[in-house]
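Per chain, numbering begins at 1; letters A, B, ... match sequence-line order.
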Number of protein chains: 2
Amino acid sequence: MNVSTVEIEKAASILKLLGDKTRLTMVMLLNNHDCCVCEFVEIFKMSQPAISQHLRKLKDAGVVRETRRGQWIIYSLNQDSDFYSLVQSVLGHLPSQDYLLEELKEQGLRISCE
Amino acid sequence: MNVSTVEIEKAASILKLLGDKTRLTMVMLLNNHDCCVCEFVEIFKMSQPAISQHLRKLKDAGVVRETRRGQWIIYSLNQDSDFYSLVQSVLGHLPSQDYLLEELKEQGLRISCE
DNA sequence: TGCTTATATAAGCAAATCATTATATGTTAA
DNA sequence: TTAACATATAATGATTTGCTTATATAAGCA
């Protein structure tokens, strides 16, 4: 793992972003699978604007990026971010959250966005 | 480095704690040197209660511990914490903040607490 | 074109956060 | 035992956060 150094103030702002259970889980999921907003809405049982606002913060910080695919906007982890290696280090300590996507699949809700 | 897994909710709460510049710098300093409250007051140019409150949060989370030495209370990193390895991973991405202690030493303020 | 779906933005609000000042506690030393 | 020093706790207030509802924007499709 490449351990690049990050200014302490910027690091704090990234850690603050990751210091929210919803956002941390989002990033954890995005580390393995691209996802669209509607999937997160299902997973977190949260309003669509709430999800959009979390994603916007992550995007503003450069942690994730978005790509439009038809009417969907697909979010993915930004591997070019200055903070990518910091984020990876953190994620390495967390248990996989992929069961959340499995549950979606069982409900037939995962496919809708792919 | 031992990469132990941490429940995602607890991880988020630790990251939130580290997501504050003052606390992150404190932890960074404590990683190499034990410090007392009065030193942090000097370093951060912040009121003593503000420093105490930051340290209390870190202590409540088990990240740091305190030892009384005479009238001083010395804070140190809790190496037995469940989150120690997560914290270490994060700190590994930050530049040393030891210059802050060097400055204290030059002012003759570091010695007072040792 | 107009309806539906997916997402973003705006406005508002309750709760949490981070500082402050004032005060209490505990240790040392005269 | 009283004064000084180091630290903690309490009360308070401004700011930030994370949600909500309402509305705007944009793409797909009948």
Side-chain angles (χ1 to χ4, degrees), chain A residues 8-9 12-27 30 34-61 63-76 104 107-114, chain B residues 8-9 12-27 30 34-61 63-76 104 107-114:
Chain A
I8 199 153
E9 199 147 353
S13 73
I14 296 299
L15 295 171
K16 176 182 277 185
L17 278 182
L18 299 182
D20 173 276
K21 192 196 175 187
T22 302
R23 284 190 298 262
L24 185 58
T25 307
M26 281 176 165
V27 172
L30 291 175
D34 295 355
C35 293
C36 70
V37 177
C38 61
E39 291 174 314
F40 285 135
V41 171
E42 278 303 318
I43 288 173
F44 295 108
K45 313 285 183 218
M46 208 176 271
S47 73
Q48 174 266 314
I51 298 295
S52 274
Q53 284 157 16
H54 281 305
L55 287 167
R56 181 162 224 289
K57 287 180 187 182
L58 291 170
K59 199 188 71 175
D60 285 350
V63 173
V64 307
R65 64 183 150 208
E66 57 177 40
T67 325
R68 181 172 279 279
R69 192 151 85 205
Q71 60 190 318
W72 293 287
I73 294 182
I74 310 295
Y75 282 86
S76 54
L104 263 202
Q107 297 175 263
L109 293 169
R110 168 78 175 154
I111 307 97
S112 66
C113 286
E114 283 186 316
Chain B
I8 198 154
E9 199 147 353
S13 72
I14 296 299
L15 295 171
K16 177 182 277 184
L17 278 182
L18 299 182
D20 174 275
K21 193 195 174 188
T22 302
R23 284 190 300 262
L24 185 58
T25 307
M26 281 177 165
V27 172
L30 291 175
D34 296 355
C35 293
C36 71
V37 177
C38 61
E39 290 174 312
F40 286 135
V41 171
E42 276 304 318
I43 288 172
F44 295 110
K45 312 284 183 221
M46 207 176 274
S47 72
Q48 175 267 314
I51 297 296
S52 273
Q53 284 156 16
H54 281 305
L55 287 168
R56 180 162 225 287
K57 286 180 187 182
L58 291 171
K59 198 189 71 174
D60 286 349
V63 174
V64 307
R65 64 184 149 207
E66 56 177 42
T67 324
R68 180 174 280 279
R69 194 152 83 206
Q71 59 190 320
W72 293 287
I73 294 181
I74 309 295
Y75 282 86
S76 55
L104 263 201
Q107 297 175 263
L109 293 169
R110 169 79 176 153
I111 306 97
S112 65
C113 286
E114 281 186 318

> Would a 4.5 Å heavy-atom cut-off, applied to side chains only, mark B:Tyr75 and B:Leu58 as touching?
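No, their side chains stay 4.5 Å or more apart.
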> Closest heavy-atom contact between A:Gly19 and B:Leu15?
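In this case the closest contact between A:Gly19 and B:Leu15 is CA-CB, 3.8 Å.
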> For B:Tyr75, report the nucleic acid contact type (base, sugar-phosphate, nothing); a contact means any heavy atom under 4.0 Å.
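Counting heavy atoms under 4.0 Å across all strands, the contact made by B:Tyr75 is with sugar-phosphate only.
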> Report the C-alpha distance between B:Ser13 and B:Lys16 in whole Å, list the side-chain angles of each, state the deciding distance to 0.1 Å, and finish with yes or no for side chain to side chain contact (heavy atoms under 4.5 Å, CB included).
CA-CA 5 Å; B:Ser13 72; B:Lys16 177 182 277 184; 5.5 Å; no
> Between atom CD of B:Glu66 and atom CG of B:Leu55, what is the distance when rounded to the nearest 0.5 Å?
8.5 Å
> Report each atom pair, protein N/O against N/O of nucleotides 23-27 of chain C, whose distance is under 3.5 angstrom.
none

> Taking any heavy-atom pair under 4.0 Å as a contact, classify A:Lys16: base, sugar-phosphate, or nothing.
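Sugar-phosphate, backbone atoms only, no base.
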> Taking the minimum atom-to-atom distance to the side chain of A:Ser52, which one of D:dA11, D:dT7, C:dT7 wins?
C:dT7
> If you check every side-chain atom of B:Ala50, which of C:dA19, C:dA6, D:dT20 has the closest atom?
C:dA19
> Answer with base, sugar-phosphate or nothing: what part of the nucleic acid does B:Lys57 contact at a heavy-atom distance below 4.0 Å?
sugar-phosphate
> Does A:Arg69 place a side-chain N or O at less than 4.0 Å from the phosphate oxygens OP1/OP2 of C:dA6?
no
> I want to check one thing: is the phosphate of C:dT9, taken as OP1 and OP2, less than 4.0 Å away from some side-chain N or O of A:Arg56?
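Indeed, a polar side-chain atom of A:Arg56 lies that close.
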> At less than 4.0 Å, is any side-chain N or O atom of A:Ser47 found next to OP1 or OP2 of D:dT20? Yes or no.
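Affirmative; the distance criterion is met.
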> Look at all strands and tell whether B:Phe44 reaches a base, only sugar-phosphate, or nothing, counting heavy atoms closer than 4.0 Å.
nothing
> Answer yes or no: is there a side-chain heavy-atom contact under 4.5 Å between A:Pro49 and A:Gln53?
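Touching, per the 4.5 Å side-chain cut-off.
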> Can you tell me how far C1' of D:dA6 sits from CZ of B:Phe40, to the nearest Å?
15 Å
> Using the closest heavy atom to pick a nucleotide of DNA chain D for each, name whichever of A:His54 or B:Gln53 lands nearer the 5' end.
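Going by which nucleotide is closer to the 5' end, it is B:Gln53.
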> Could you tell me how far apart A:Ile51 (CD1) and D:dG18 (C1') are, to the nearest whole angstrom?
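It is 11 Å, rounded to the nearest whole Å.
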> Given side chains that start at C-beta, do those of B:Met26 and B:Ile51 come closer than 4.5 Å, heavy atoms only?
yes
> Does C:dA10 pair with anything, Watson-Crick or G-U wobble, both distances under 3.5 Å, and if so, with which nucleotide?
D:dT21
> By nearest atom, which of the nucleotides C:dT9, C:dT7, D:dA11 is closest to the A:Ile73 side chain?
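Nearest to the side chain of A:Ile73 among the choices is C:dT7.
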> When you measure from the side chain of A:Arg23 to the backbone of A:Thr25, do you find a donor-acceptor pair of N or O atoms at a distance under 3.5 Å?
no
